[in-house]
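Here the structure is a predicted model, which means the values were calculated and not measured.
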Amino acid sequence: MNESEHRRPMPNSVLIPVGLYWIIGVTMVVSAVLNATNDGVGRLGAVVFLGTVGAACLVAAVGLQRRWGPATFMGYLLAILLALVSLSNPGVALLLVPLAVGIAVALSRPSAKQWTGEK
């Protein structure tokens, strides 16, 4: 990768999923911490799930920013996971399914693939 390619601004097809993953990740990690401090081990499953998915979203966001090739695949997996999780609650599904579809569509654009070096 040459110097001019490295300085190129991040395309919107990557910037949007990165922003969403930062928001989702921070929200889930904070929620896990609050659940752990308020409820203790009574909601251990929820704490582990929120913390793990939140951390994975943050890793995907940083990976996409740093042009880490596997971050795109991780982004697709997280979009699928978010869509599946939302099926248990119709109110959440109205929010998460469009977000998951938007992330998957954005990551599949040629400019996003070029950014991460995916072929």
_Any side-chain to backbone donor/acceptor pair from S31 onto T27? Under 3.5 Å, distance only._
no

*Going by side-chain heavy atoms closer than 4.5 Å, which hydrophobic residues are tied to I23, directly or by a chain of links?*
none

Would you be so kind as to tabulate the donor-acceptor pairs closer than 3.5 Å made by side chains of residues 91-111, with sequence neighbours excluded?
from	atom 1	to	atom 2	distance (Å)
S108	OG	A104	O	3.3
S108	OG	V105	O	2.8
S111	OG	S13	OG	2.5

*Run the side-chain contact (heavy atoms from CB on, under 4.5 Å) check on V29 and L58 step by step: do they pass?*
CA-CA 9 Å; V29 169; L58 294 175; 4.2 Å; yes

*To the nearest 0.5 Å, how far apart are CD1 in I16 and OH in Y21?*
13.0 Å

*Test side-chain contact (heavy atoms from CB on, under 4.5 Å) applied to V59 - qualifying residues, sequence neighbours left out*: W68, M74

*Would you call M10 and V18 a side-chain contact if the rule is heavy atoms closer than 4.5 Å?*
yes

Show me the donor-acceptor pairs, under 3.5 Å and distance only, between side chains in residues 77-85 and residues at least two apart or in other chains.
none

*Interatomic distance, T72 atom OG1 to W115 atom CH2 [nearest 0.5 angstrom]*: 11.5 Å

